[in-house]
There are 2 protein chains.
Amino acid sequence: MASIKDVAASAGVSVATVSRVLNGHPSVSADARERVLAAVAALGYRPNAVARSLRTDQTHTLGLVISDVLNPYFTELARSVEEEARALGYSVIIGNADERPELQDHHVRNLLDRRIDGLLVSPTDGGSPLMLDAARAGTPMVFVDRWIPGVDVPVVRADGRAAVRDLVAHLYRLGHRRLAIIAGPAATTTGSERVEAFRAALAEYGLPLPDARIGQGDFQAESGRRVTEGFLDLPQPPDVVFAADNLMALGALDAVRARGLRVPDDIALAAFDDIPWFVHTDPPVTAIAQPTGELGRAAVRALVDRIEGRTPRSVTLPARLVVRRSCGEPPTPSPVQRSTT
Amino acid sequence: MASIKDVAASAGVSVATVSRVLNGHPSVSADARERVLAAVAALGYRPNAVARSLRTDQTHTLGLVISDVLNPYFTELARSVEEEARALGYSVIIGNADERPELQDHHVRNLLDRRIDGLLVSPTDGGSPLMLDAARAGTPMVFVDRWIPGVDVPVVRADGRAAVRDLVAHLYRLGHRRLAIIAGPAATTTGSERVEAFRAALAEYGLPLPDARIGQGDFQAESGRRVTEGFLDLPQPPDVVFAADNLMALGALDAVRARGLRVPDDIALAAFDDIPWFVHTDPPVTAIAQPTGELGRAAVRALVDRIEGRTPRSVTLPARLVVRRSCGEPPTPSPVQRSTT
DNA sequence: CGCAGCGATGTAATCGATTCCACGAGGAGG
DNA sequence: CCTCCTCGTGGAATCGATTACATCGCTGCG
């Protein structure tokens, strides 16, 4: 592969001049510029990004560590992150932690070794020493979706409290009183926050949330199935199951179906995170939709601000309830709550 | 960030010795090794992968260019690729082409500039000059899922012909005679092959496939919707719509539902590519399942073989039909065709 | 006792870029 | 006509690693 030296030789100038032409430095004669450009074209020369990064100490690359690529929510997040990053002149390297802290560390370490300019993380756990060290050491970093309390890193996320309250109001109106939740890991902020928001909303209606109706999941479909089976085995099964993410809702659907029960007649279902497939499930699933694309874009902007010396800001955007049929009664379209069915 | 020089100084040895310790070179005294390791730990030193890559001309990184991350099929493929690559000591950088040739070129160029060791591609089109040049120039490369004819690059893919034949047999048995297909872009191999397989299978049953029942899609949900609407507007709408990928099937489902029609009573539906959600759609969708994970792993193995000087082999694995309810008649479980519902 | 050979180590070249500095030519101003 | 600046250019240092080669001290064998 041709290097800058080959170009210089072929154009009859020094490597310094070639570099200047390539970087748009003003003080190059029109004649030299032309010869360099011709040589570049003739040789099909492309600058070696590795060498350039070594010299400039910049990779123009962001690392994105997410908890689970197979979760459509994170897939969409990753996509919007890449899009915005590209618009700002950065590339993105994705690390998929698969909800496993040690895999998350593997990726963080790998990205750091590659000297990425900044790190976008949706932590799988409460924060490994590695991640805390990186943050402390001044690695430009932004948390997205989930975050680690007590670390001085901007957070870009959705606030689902209002939407959860709307959901509980919706459920109450439909006559449901025994509500249950499949929670995410307590070590994640989204895992604990969603339970808290749910509990608070229930309290407003004077409804209890006994421990038996709080199932411990791990954001994966299988745990949703397992927890739901537990709920169905209770002496008094719940009227509604609220899954803290879309994969656990899928598992719940599996479990309900396996018993030969029907949603919403026998048991209602709602989920956090809306995805295109929820429109076509049987029945369409009522869900809380995050502004995923906007979150990804805002996170990139914050991180790039930090990298380029500006002051990044935390961002919180509202989530909203999307009513479908999985909790009963076909939705009556209204300006506020409209299903996209 | 500490460099190898700092470690050398702190351990009281030369950088060469540090490098030797780090790379497991045998001729280092136990004493020196110990002091180096201590210094590494004390400084929290991590080798700079950029510098190392420049010197060794290896990045231990594979590029993966796929057509659409939002498509669950490709998401799963990407995941299995990363997994196998990690097991073999490589990292993966994903480029999402979004079914846009110019975006695909952007990513190929970006990956090449980063001097990745090899490229895994599922081409969005018939092959841009950039990609053809890269292949000709000897960049280690492997095609996965889709490929470009006439280029000497190993291909790892699924053969869906037998499964398509099974599907047509299934449809015929259910009494369907007017079959239609939503095809992918003709410039992609999967786009044209699936139509051909379908046409060949229909021929075996003496069924025609008039042009009016071949809709041109682009593997995105919106095109599935549009094409399906066209089918429904025909004087004689088809009995069955077969979508060449899962997103177009989603669009088709949208279109059918928007007309107030029912699957499979009014029109049946089948799709290429099986995904977990198809179990829970209304109705569950009959699909052709590819061995996605195995494809990803085989592709990585082939590419790494090529990179490490062994001779890579093309691989073709069979796809299989998964019968569910979207074409009519609940499936009767049999040893050969079993739904995972 | 002398020298070959080996093990441990350091010096320095190298990868491909960027960039500081020096230098020469040419124009402007005194 | 001389000096000073500016512009265009090239030489060389530099980034952080790897590695060929040189060196030095020992050991072992003849």
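Below, chains carry the letters A, B, ... as their sequence lines are ordered, and counting in each starts from 1.
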Open item on the list: Among residues 106-116 of chain B, which ones have heavy-atom contacts with DNA chain D below 4.0 Å?
Closed with: none
Task: Polar side-chain atom of B:S53 near backbone of B:Q58 as donor-acceptor pair, under 3.5 Å - done: yes
- [ ] Not counting sequence neighbours, which residues clear side chain to side chain donor-acceptor pair (under 3.5 Å) with B:R297? List them please.
- [x] B:E294
Task: Donor-acceptor contact present, side-chain B:H107 to main-chain B:L103, <3.5 Å - done: yes
For nucleotides 11-14 of chain C, give me every protein contact, N/O to N/O, under 3.5 Å, one pair per line with atom names.
residue : atom : partner : partner atom : Å
C:dT14  : O2   : B:R55   : NH1          : 2.7

Task: Nucleotide range of DNA chain D lying under 4.0 Å from chain B heavy atoms - done: D:dC15 to D:dT19
Open item on the list: Just to verify, what does A:R79 make a salt bridge (charged side-chain N to carboxylate O under 4.0 Å, His left out) with, not counting sequence neighbours?
Closed with: A:E83, B:D98
TODO: Check whether any side-chain heavy atom of A:T75 lies under 4.5 Å from a side-chain heavy atom of A:N71, and answer yes or no.
DONE: no
Open item on the list: Please classify the nucleic acid contact of B:V50 as base, sugar-phosphate, or nothing, using heavy-atom distances under 4.0 Å.
Closed with: nothing
Task: Any B:R100 side-chain heavy atom under 4.5 Å of B:T124 side chain - done: no
TODO: Kindly state each residue pair satisfying side chain to side chain donor-acceptor pair (under 3.5 Å) with at least one member in residues 2-11 of chain B, sequence neighbours excluded.
DONE: none
Open item on the list: Can you see whether A:Q104 engages A:D125 through a side-chain donor-acceptor pair at a distance of less than 3.5 angstrom?
Closed with: yes
Task: Side chain to side chain, B:M131 and B:P123, heavy atoms closer than 4.5 Å - done: yes
Task: Bend angle of the helix from C:dC1-D:dG30 to C:dG30-D:dC1, from helix axes over five pairs at each end, nearest 10° - done: 60°
TODO: Can you sort out the partners of A:D113 under side chain to side chain donor-acceptor pair (under 3.5 Å), two or more places apart, ordered by chain and number?
DONE: B:R46
Task: Any B:D117 side-chain heavy atom under 4.5 Å of B:T61 side chain - done: no
Open item on the list: A side-chain contact here means heavy atoms from C-beta on lying under 4.5 Å apart; do B:F219 and B:T188 qualify?
Closed with: yes
- [ ] Identify, residue by residue, the members of residues 2-9 of chain B with a heavy atom below 4.0 Å from DNA chain D, and return them in order of residue number, or none.
- [x] B:S3, B:I4, B:K5
- [ ] Return the set of residues passing side chain to side chain donor-acceptor pair (under 3.5 Å) with B:D152 (not counting sequence neighbours), or none when no residue passes.
- [x] none
Open item on the list: Categorize A:V18 for me: base, sugar-phosphate, or nothing, with a 4.0 angstrom heavy-atom threshold over every strand shown.
Closed with: nothing
Task: Positions of residues 25-38 of chain B (non-hydrogen atom under 4.0 Å from DNA chain D), listed by number - done: none
Task: Separation of atom CG in B:N23 from atom P in C:dA8, rounded to whole Å - done: 17 Å
- [ ] Tell me which of A:A49 and B:G12 sits closer to the 5' end of DNA chain C, going by the nucleotide each one is nearest to.
- [x] B:G12
Task: Distance-only donor-acceptor check, side chains A:R114 and B:S91, under 3.5 Å - done: yes
Task: Listed once per pair and sorted, the side chain to side chain donor-acceptor pair (under 3.5 Å) pairs that draw on residues 305-314 of chain B, sequence neighbours left out - done: B:Y90-B:E308, B:D305-B:R310, B:E308-B:R310
TODO: Decide whether A:Y73 and A:D145 meet the rule of one side-chain donor and one side-chain acceptor closer than 3.5 Å.
DONE: yes
Task: CG (A:D57) with more than 12 external heavy atoms under 6.0 Å - done: no
Task: Ion pair check, B:E102 and B:R109, cut-off under 4.0 Å - done: no
